[in-house]
Amino acid sequence: MEFHQVRYFVTLAKCMNFTRAAEQCNITQPALTKSIQKLEYELGGALVFRERHLSQLTDLGKLMLPTLERTLLAVEEARTNAKKFKRKKVATLRVALTPMISASILMKPIAALTTQLPGLQVDLVDAESSNVFEGLLSGDVSAALGSSCIGPTPERIERFSLFGERVFVACAEGSQMAEESTVTLKDLRSAKWLEAIDCEIYRAFREHLCEGQVAQPGHRGQGLQHLQHLVSANLGVMLTPEHAPALPDAVVRPIADVDFKHTVELFVVGGRQYSPALDAFIKICRRFDWQTLLTKAQARIAPKAGPFTAMPRRQRDPEVVRITA
DNA sequence: ATGAAGCGTATTTAGGGGAG
DNA sequence: CTCCCCTAAATACGCTTCAT
């Protein structure tokens with residue numbers, strides 16, 4: 001079955017006149033007749049009762065019409081979309097963020113990207129650490145931002161380091177923990193601990209530093225924002241990366257006895273031909289001045305948090321644990 | 001180069017309707 | 001009732017395009 005046969009039949013079904021249908025299809029009447037005959041032969045029965053002024057669809061014709069109309073619409077829609085895609089009017093770039101990566105860091109890169117590719121649509125989606133690579137490999141997302149804490153990647157995943165940063169603790173303004181300029185692991189062990197679900201940073205912090213002792217799980221959330229609201233309501237404390245914007249009712253404190261650092265990385269599938277949007281996105285992310293962005297983030301929280309380097313405390317643990325993911 | 005498919009022109013076939 | 005004209009659909013044949 002050919003597409004033009006479908007088009008001719010649908011046109012014929014609308015006007016029920018071979019000559020007029022042919023005119024509308026910009027062909028001659030014999031050409032239309034032949035096409036309809038061929039379609040009828042292929043479908044195994046007449047589609048139209050030829051009765052001059054009283055021509056009408058046969059039962060088979062009536063049965064076929066809705067399906068063939070949908071086919072025609074689908075093909076026309078596909079053609080339109082293909083044309084738009086060629087003109088880059090509806091291109092989409094789908095980027096996943098693991099739980100502790102704030103979308104705020106992507107605003108300037110996305111602005112730069114849409115300047116380069118007007119009409120580009122960017123979809124930002126949440127991803128859990130355990131299935132972010134699955135999403136990349138299946139093509140569900142084009143790129144992902146996550147932490148170096150995520151560990152080894154599957155063979156086909158390519159990773160680009162964007163910037164290194166420290167990980168702090170956020171607590172409610174006015175809470176006991178907020179009174180000190182730094183917090184200790186001991187403080188954290190006795191605090192109500194808010195945890196991000198399926199998050200590589202939390203996993204690294206718990207497994208490598210605290211040997212499971214910190215976790216007195218309180219409430220849990222799927223990402224930064226959920227936990228930040230819980231912190232603002234003084235329902236517990238959370239880990240927060242340096243780049244993350246803080247809510248007004250929360251303060252950020254360095255962990256005195258832990259120098260917890262990680263690297264924010266960009267993940268894509270290697271060996272694939274990148275779309276123009278993904279190619280541009282990778283280049284922009286790799287060239288972007290992340291340090292300026294981090295400095296601004298530090299300036300935002302510094303007045304409350306004090307200096308980021310571990311501050312001497314009256315009763316601090318003797319040894320500073322240093323871990324860099 | 002060749003064959004298949006699509007299409008166009010010219011012609012044929014078939015039915016409806018009006019005039020004589 | 002018959003003939004003629006008009007309209008609609010089908011057929012014959014040839015040309016063009018395209019894939020192999």
Side-chain angles (χ1 to χ4, degrees), chain A residues 1-95 113-123 133-144 154-158 267-283:
Chain A
M1 188 185 298
E2 302 294 327
F3 176 63
H4 71 266
Q5 292 171 341
V6 175
R7 187 164 65 89
Y8 295 167
F9 172 66
V10 171
T11 306
L12 176 63
K14 278 179 189 156
C15 60
M16 289 315 304
N17 178 296
F18 280 73
T19 306
R20 276 191 283 282
E23 281 170 8
Q24 287 177 26
C25 294
N26 292 317
I27 58 166
T28 56
Q29 172 264 317
L32 182 101
T33 296
K34 272 191 197 173
S35 275
I36 298 296
Q37 284 173 340
K38 200 173 172 194
L39 186 61
E40 289 175 323
Y41 177 78
E42 199 174 331
L43 293 175
L47 296 169
V48 182
F49 286 128
R50 277 85 162 164
E51 291 179 13
R52 300 202 159 258
H53 299 289
L54 297 170
S55 289
Q56 54 185 304
L57 293 179
T58 62
D59 287 344
L60 179 61
K62 287 174 190 166
L63 178 71
M64 290 290 106
L65 184 59
T67 310
L68 296 181
E69 274 180 327
R70 282 197 299 274
T71 305
L72 189 64
L73 282 174
V75 171
E76 281 168 358
E77 191 183 347
R79 281 181 173 158
T80 307
N81 287 341
K83 277 183 193 164
K84 284 181 183 170
F85 180 79
K86 273 189 177 175
R87 284 185 248 129
K88 289 176 182 169
K89 279 193 173 168
V90 291
T92 301
L93 180 71
R94 210 168 150 80
V95 181
L113 189 61
T114 47
T115 304
Q116 269 187 36
L117 300 172
L120 173 72
Q121 182 185 355
V122 178
D123 287 356
F133 297 132
E134 199 180 306
L136 280 167
L137 291 169
S138 69
D140 184 41
V141 295
S142 308
E155 202 174 313
R156 292 184 60 201
I157 299 293
E158 201 167 344
F267 301 98
V268 294
V269 180
R272 252 181 211 172
Q273 190 176 358
Y274 299 150
S275 67
L278 178 59
D279 189 53
F281 180 67
I282 294 170
K283 284 176 183 157

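All values below were derived from every heavy atom in this structure, side-chain atoms included, with hydrogens, water molecules and symmetry-related copies excluded. The sequence lines fix the lettering, A, B, ..., with proteins before strands; numbering per chain opens at 1.
Shortest non-hydrogen contact noted between A:Val6 and A:Leu68 is CG1-O, 3.5 Å. Heavy-atom minimum distance, A:Phe9 versus A:Leu47: CE1-CB, 3.6 Å.
Between the CD1 atom of A:Ile36 and the C1' atom of C:dA8 there is a distance of 15 Å, given to the nearest Å. Residue A:Leu39 contributes atom CG, which lies 15 Å from atom P of B:dA5 at whole-angstrom precision. Atom pair A:Gln5:CD and B:dG6:P shows a separation of 6 Å (rounding to whole Å applied).
Taking 4.0 angstrom as the limit, A:Thr33 places none of its side-chain polar atoms (N or O) nearer than this to OP1 or OP2 of C:dA9. At least one side-chain nitrogen or oxygen of A:Gln37 sits closer than 4.0 Å to the OP1 or OP2 atom of C:dT11.
Between the side chain of A:Gln29 and the base of C:dA8, no donor-acceptor pair of N or O atoms lies under 3.5 Å.
In terms of modelled atom types and a separation under 3.5 Å, the side chain of A:Arg7 and the main chain of A:Leu72 share no donor-acceptor contact.
Nearest-nucleotide mapping onto DNA chain B: of A:Pro30 and A:Lys34, the residue sitting toward the 5' end is A:Lys34.
Closest contact between the side chain of A:Phe18 and the listed nucleotides C:dC13, C:dA12, C:dA9 involves C:dA9.
With sequence neighbours left out, A:Gln29 forms a side chain to side chain donor-acceptor pair (under 3.5 Å) with A:Thr33.
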